[in-house]
Amino acid sequence: MTSTAFRDHEEVAFFRDPHSGLKAIIAVHSTALGPACGGVRFHAYGNEQEAIDDVLRLSAAMSLKSALAGLPLGGGKSVIIGDPGKDKTPALLAAFGRAVECLGGRYIAAEDVGMSPSDIAIVGGETRHVAGLDQGPSASGDPSPVTARGVWRGIEVAVRHRLGRNTLEGITVGVLGLGHVGGALAGLLSDAGARLVVADIAEERCRTVADRCGARIVDVDVLVGERLDVFAPCALGGILNAETVGQLEAPVVAGAANNQLADETIADALHARGILYAPDFAINAGGIVNVAAEIAGNYDRAAVMRRVDRIGDTLDEIFLRAAREGRSPHFVAVDLAQERLDAARAARQQTR
């Protein structure tokens with residue numbers, strides 16, 4: 001199969017294990033800065049092409065994310081095709097661990113949608129190339145709260161740039177998707193004084209956040225058109241497309257979801273409407289920062305949080321340069337990350 005999402009990936013590997021039912025794809029986009037690291041997404045894709053497109057886009061974004069965050073890691077991602085509620089078994093996860101081991105450390109697997117630290121531990125029974133564990137001398141645990149913190153800091157910076165407000169007190173934020181990251185983000189925003197409007201396909205998640213934070217609940221299809229100061233997509237990707245950009249009432253888009261843009265033309269569409277977009281691979285880097293500390297073997301929670309808070313500084317640089325150049329922050333962020341990747345590749349070639 002071919003895919004328009006292919007971006008000079010170094011390696012794309014397909015794995016099948018008929019005994020456990022495993023169907024998986026591991027994509028290594030770049031190892032210029034270090035071993036490729038990225039989460040394992042366990043998802044019931046409509047077909048294999050959807051899975052291929054997703055893993056290619058996600059892995060390429062991980063290269064940009066790690067480069068912008070200044071981490072010694074490359075970009076990779078993996079997908080397991082199936083319904084995690086029905087198909088996930090210890091045998092399947094162990095088979096996936098053997099698949100990761102086949103790559104000899106070029107890819108390090110961590111948690112993503114449909115996976116938990118306990119699942120990663122089972123994978124880790126077959127390979128040492130895992131991160132995001134909740135037990136062990138350098139275990140970093142669930143990265144979701146750390147990702148949420150980085151997004152919260154990014155929203156603060158975006159609000160200052162676009163709305164001229166130095167705090168989130170009284171700011172209305174619409175959070176779409178209340179999973180591990182979105183739910184944690186809602187709590188941080190509420191504690192900072194923001195007013196919340198929330199939506200999720202799971203009603204119980206909405207009720208939990210509403211009870212805890214006083215949030216107003218709306219339908220998933222309605223939230224994008226609500227009168228908001230900030231729209232925070234925290235579910236699966238592709239939410240920003242030609243239709244939804246036209247519906248947006250919020251002057252700021254800043255959320256935790258990966259691959260929020262249906263395609264890169266949407267970045268210019270947002271810019272043309274005067275909507276400030278926080279590039280997803282810049283604002284949601286908290287998780288990989290957390291995992292990188294575990295991989296380094298010297299996990300220090302306080303140090304991780306200080307580094308995550310610097311996500312705001314990165315976005316400040318991106319927004320300032322975008323304003324000077326009259327461009328979308330998305331393309332500025334891509335350029336900054338690509339400059340670092342190109343420099344790393346050039347340095348590696350010189351040492352050969």
Side-chain angles (χ1 to χ4, degrees), residues 4-5 7 53 57-58 60-65 67-69 150-166 168 171-177 185 189 194 197 221 223-285 311-342:
T4 57
R7 296 288 185 275
D53 292 344
R57 292 192 69 195
L58 289 166
M62 286 304 302
S63 291
L64 300 177
K65 186 181 301 188
L68 273 183
V151 175
W152 166 51
R153 290 301 193 192
I155 289 174
E156 288 182 324
V157 173
V159 164
R160 174 163 53 82
H161 274 267
R162 181 63 178 81
L163 303 178
R165 299 279 294 274
N166 290 322
L168 298 182
I171 294 292
T172 301
V173 183
V175 182
L176 177 63
L185 176 62
L189 292 169
V197 185
D221 296 328
L223 182 59
V224 70
E226 287 282 309
R227 287 192 170 274
L228 308 166
D229 295 307
V230 179
F231 175 57
C234 296
L236 295 178
I239 183 61
L240 299 173
N241 53 48
E243 180 180 356
T244 56
V245 168
Q247 297 171 355
L248 271 170
E249 294 287 340
V252 174
V253 175
N258 288 311
N259 293 337
Q260 294 171 27
L261 306 177
D263 60 69
E264 286 195 316
T265 65
I266 302 302
D268 283 331
L270 289 166
H271 184 63
R273 289 201 56 204
I275 297 171
L276 182 64
Y277 172 61
D280 49 41
F281 55 87
I283 196 172
N284 67 10
I311 288 173
D313 298 334
T314 301
L315 283 166
D316 192 45
E317 178 185 359
I318 290 168
F319 292 148
L320 287 171
R321 179 168 162 180
R324 287 196 306 270
E325 298 176 2
R327 293 198 296 155
S328 164
H330 169 79
F331 294 109
V332 170
V334 169
D335 287 351
L336 283 171
Q338 196 62 53
E339 288 164 9
R340 296 176 186 181
L341 288 168
D342 291 344

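Residue numbers count from 1 along this sequence.
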Contact summary for [X] and [Y], nearest pair of heavy atoms:
{"X": "Gly312", "Y": "Val157", "value": "O-CG2, 3.5 Å"}
{"X": "Gly154", "Y": "Leu315", "value": "CA-CD1, 3.4 Å"}
{"X": "Ala61", "Y": "Phe281", "value": "O-CB, 3.9 Å"}
{"X": "Arg321", "Y": "Asp335", "value": "NH2-CB, 4.1 Å"}
{"X": "Ile318", "Y": "Pro329", "value": "CG2-O, 3.5 Å"}
{"X": "Ala235", "Y": "Ala257", "value": "O-CB, 3.0 Å"}

Output yes when a side-chain donor or acceptor of [X] lies under 3.5 Å from a complementary backbone atom of [Y], and no otherwise.
{"X": "Asp280", "Y": "Gln260", "answer": "yes"}
{"X": "Asp53", "Y": "Ala5", "answer": "no"}
{"X": "Arg340", "Y": "Ala67", "answer": "yes"}

(Q) Go through it in stages, so that I can follow the logic: the residues are Asn258 and Lys65, the test is side-chain contact (heavy atoms from CB on, under 4.5 Å), and I'd like the CA-CA distance, side-chain angles, deciding distance and then a yes or no. (A) CA-CA 10 Å; Asn258 288 311; Lys65 186 181 301 188; 3.1 Å; yes

Which value, rounded to the nearest 0.5 Å, describes the distance between [X] atom [atom1] and [Y] atom [atom2]?
{"X": "Arg165", "Y": "Asp229", "atom1": "CZ", "atom2": "CG", "value": "7.0 Å"}
{"X": "Ile311", "Y": "Leu68", "atom1": "CD1", "atom2": "CG", "value": "10.0 Å"}
{"X": "Leu261", "Y": "Ile239", "atom1": "CG", "atom2": "CD1", "value": "11.5 Å"}
{"X": "Thr244", "Y": "Ile266", "atom1": "OG1", "atom2": "CD1", "value": "7.0 Å"}

Q | Student check: side-chain heavy atoms of Ser328 and Leu270 closer than 4.5 Å | A | no

Q: Pick out which of Val253, Leu223, Leu248 makes a side-chain contact (heavy atoms from CB on, under 4.5 Å) with Leu228.
A: Leu223

**Q.** CA sep, side-chain torsions, deciding dist, call: Val224, Leu176, side-chain contact (heavy atoms from CB on, under 4.5 Å)
**A.** CA-CA 8 Å; Val224 70; Leu176 177 63; over 6 Å; no

Q) Who pairs with Phe319 by ring-ring contact (aromatic ring centres under 6.0 Å, His included), at least two apart in sequence or on another chain? A) His161

Q) Leu58 and Met62: side-chain contact (heavy atoms from CB on, under 4.5 Å), yes or no, with the steps? A) CA-CA 6 Å; Leu58 289 166; Met62 286 304 302; 5.6 Å; no

Q: Please assess Leu240 against Tyr277 for the test side-chain contact (heavy atoms from CB on, under 4.5 Å), listing each intermediate value before the final yes or no.
A: CA-CA 10 Å; Leu240 299 173; Tyr277 172 61; 3.9 Å; yes

Q. Can you list every pair that meets salt bridge (Lys or Arg N to Asp or Glu O under 4.0 Å) and has a residue in residues 152-164, with sequence neighbours left out?
A. Arg153-Glu156, Arg153-Asp309, Arg160-Asp316

Q | side chain to side chain donor-acceptor pair (under 3.5 Å): pairs with one or both residues in residues 264-274, sequence neighbours excluded | A | Asp263-Thr265, Glu264-His330

